[in-house]
Enquirer: 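Take a look at this one; I'll ask things after.
Below, chain A is the first sequence line, B the second, and so on; all start at residue 1. Values reported hereafter were calculated over all heavy atoms of this structure, with side chains retained and with hydrogens, waters and symmetry mates removed. Nothing here was measured: the structure is a model prediction, and the numbers come from that model.
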Protein chains: 2
Amino acid sequence: MDEQSGTDRRPPSRRIADDLRASIRSGELASGAKLPSERELAGRYGTARNTAREAISILQGEGLVVAQHGRGVFVRPRTPLMRLGANRYSRQLRSETGLSPFRIEVTKQGRTPKTECRSVTRDKPPADVADRLGLDASTATVIRRENWYYADDEPVQVGVTYIPVDVAGESPLASERTLGKGSIYARFEDLGYRITRIREEISARMPYHEESTGLSMPPGVPVIEVLHTSIDEQHRAFEVTRFVMRGDLNGLDYEMPVED
Amino acid sequence: MDEQSGTDRRPPSRRIADDLRASIRSGELASGAKLPSERELAGRYGTARNTAREAISILQGEGLVVAQHGRGVFVRPRTPLMRLGANRYSRQLRSETGLSPFRIEVTKQGRTPKTECRSVTRDKPPADVADRLGLDASTATVIRRENWYYADDEPVQVGVTYIPVDVAGESPLASERTLGKGSIYARFEDLGYRITRIREEISARMPYHEESTGLSMPPGVPVIEVLHTSIDEQHRAFEVTRFVMRGDLNGLDYEMPVED
DNA sequence: GACACGAGCTGGCTTGAGCCAGTTGCGGTA
DNA sequence: TACCGCAACTGGCTCAAGCCAGCTCGTGTC
């Protein structure tokens, strides 16, 4: 726009990034399209290759593009989000379909779901979890169950469930990786804990280094962290799960009454 | 650890980033602490300054550190999140305190809240909003109200509310920036729309360029986007608001019954 | 005591060069 | 025809140097 007047205070890398961003937004560079190569951008703008590279790295940080070694840089296609709702705890849904809401969501997108329980251990609870369960973080022991969720063999979410030993007792929850029909909430019902309320504390952040490798996340994508607490009729918090999910593939969808 | 065997396949920039990350995690570099300068890191590791710089940029992308021109690079202090719950729509809370939940939350943190209605216009609704309101995106008109929320004069969140013209009529909602006591939901009640259910669709992403400048967001921080729908006793969706909030300052906290 | 100035620190940004490592496709060989 | 291998692309990462701009703090002046 205002090239000639010489008063373009933006550094060249910003300018290139701004131009590319505009092209992406206008649709000129469609979803999945290949950007000009670093060397070509550099030539086109009369800058060093590193400067073009810097521009691309800005867009990567914004989550707009992904680079593929040897192939090029591409506009990140926006895949539809899997929307997880509170209905994932619904008894009816559990019994009707026999499928977990995660499986339903993934199937709906034409992908193949898979879940895997990686470990069942006894541990000390993290402070925030102990707090939600009404336990003393330094003395209490909990069962820790680590679950991974996949779509087409691509990991999309992790859930770590903490159960007080007093609740789990000697039930399958305390030791078995597979929990049989109706899955985990059916087992809690076997023990007399029927989920009637949930609390979900939601935050977003960039993934830890382990998460970004474990979930094989591209740069510029945040995670959604959900700290979930299950509460029964007697207002007992009997289980807490921390979900960490890829922000580019997952979303939450709650519908609830306004109380008071 | 395995320096000598020469088989440290990590590129130097990664190695520096890993070391710094470990120092941060161990607490050796506490929250708010100053990292060694780029030039010092370069010297210490025997690399070029650019390489140390690259390492720091990795940590910036992870949201672990913030750079301040002329001062140094610092471990990002983790400020406690403001937790917004469904109670922000509660009638009782509205009448009891006369304060909005946002104001309560901010005050609780010892900061000074401020809200500002930037504009009230008539517009076409975005497709997703039209869908939630049961309108035709291409023909319908809505009132668009843009609100900014501040803590200590720092912008922390934006909310854009869409109201069908049929709902707003000639009420203050359609034109006034200030809505008087009890704020927006009291005005909806004046019109016969009493909020009984809400739907909240939540996602996380990196901020758009405008958002990151408008909310003056440091790099490596995502936003939480909430698409909120208000529903009355007659199952009418009478208002939709899109909230965009800084992920490092805000969180959500819902407690709800499990239905079915 | 208040203030202006500058030295020496910090990060911000660029250059132009080089080498490495994936990817792709073409052409020649078995 | 099937396959191998190489050339020519792509991004990944680094170097060494330079200039700019913001911050801090000491020094010296008024």
Enquirer: Write down the distance between CG (B:L41) and P (C:dT10), rounded to a whole number of angstrom.
Expert: 11 Å
Enquirer: Taking the side chain as every heavy atom from C-beta outward, state whether A:L215 and A:W148 have any atom pair closer than 4.5 Å.
Expert: yes
Enquirer: Output the residues of residues 53-66 of chain B in contact with DNA chain C, where contact means a heavy atom of the residue under 4.0 Å from an atom of the strand; sort by number or write none.
Expert: B:R53
Enquirer: Does anything in residues 101-130 of chain A form a ring-ring contact (aromatic ring centres under 6.0 Å, His included)? List the pairs, not counting sequence neighbours.
Expert: A:F102-A:Y149
Enquirer: B:E40 has an atom CD; how far is it from atom C1' of C:dG8, in whole Å?
Expert: 15 Å
Enquirer: Should A:D19 and A:Y45 be marked as a side chain to side chain donor-acceptor pair (under 3.5 Å) after you check the CA-CA gap, both sets of side-chain angles, and the distance that decides it?
Expert: CA-CA 11 Å; A:D19 285 0; A:Y45 283 89; 2.7 Å; yes
Enquirer: Could you tell me how far apart B:E38 (CD) and C:dT10 (P) are, to the nearest whole angstrom?
Expert: 9 Å
Enquirer: For B:K34, check side chain to side chain donor-acceptor pair (under 3.5 Å) against everything at least two apart and list the hits.
Expert: none
Enquirer: Determine, step by step, whether B:Y162 and B:E239 satisfy the side chain to side chain donor-acceptor pair (under 3.5 Å) criterion, reporting the C-alpha distance in whole Å, the side-chain angles of both residues, the deciding distance to 0.1 Å, and the verdict.
Expert: CA-CA 6 Å; B:Y162 300 90; B:E239 170 255 352; over 6 Å; no
Enquirer: Give each protein N/O atom lying under 3.5 Å from an N/O atom of nucleotides 16-22 of chain C, with the pair distance.
Expert:
from, atom 1, to, atom 2, distance (Å)
C:dG16, O6, A:N50, ND2, 2.5
C:dG18, O6, A:R49, NH1, 3.4
C:dA21, N3, A:H69, NE2, 3.0
C:dG22, N2, A:G70, O, 3.1

Enquirer: Under the ring pair (Phe, Tyr, Trp, His ring centres under 6.0 Å) test, which residues partner A:F243, sequence neighbours left out?
Expert: none
Enquirer: So, is A:T51 close to the C:dT15 phosphate, meaning a side-chain N or O under 4.0 Å from OP1 or OP2?
Expert: yes
Enquirer: In Å, rounded to the nearest 0.5 Å, how long is the span from CG of B:L35 to CD1 of B:I24?
Expert: 5.5 Å
Enquirer: Give a yes or no on whether a salt bridge exists between B:R21 and B:E62, defined as a side-chain N under 4.0 angstrom from a carboxylate O.
Expert: yes
Enquirer: Under 4.0 Å from any heavy atom of chain A: name the first and the last nucleotide of DNA chain D that qualifies, 5' to 3'.
Expert: D:dT10 to D:dC15
Enquirer: Are any of the side-chain nitrogens in B:R199 or B:E201 under 4.0 Å away from the carboxylate oxygens of its partner?
Expert: yes
Enquirer: Side chains of B:Q109 and B:T107: do they bring a donor and an acceptor to under 3.5 Å?
Expert: no
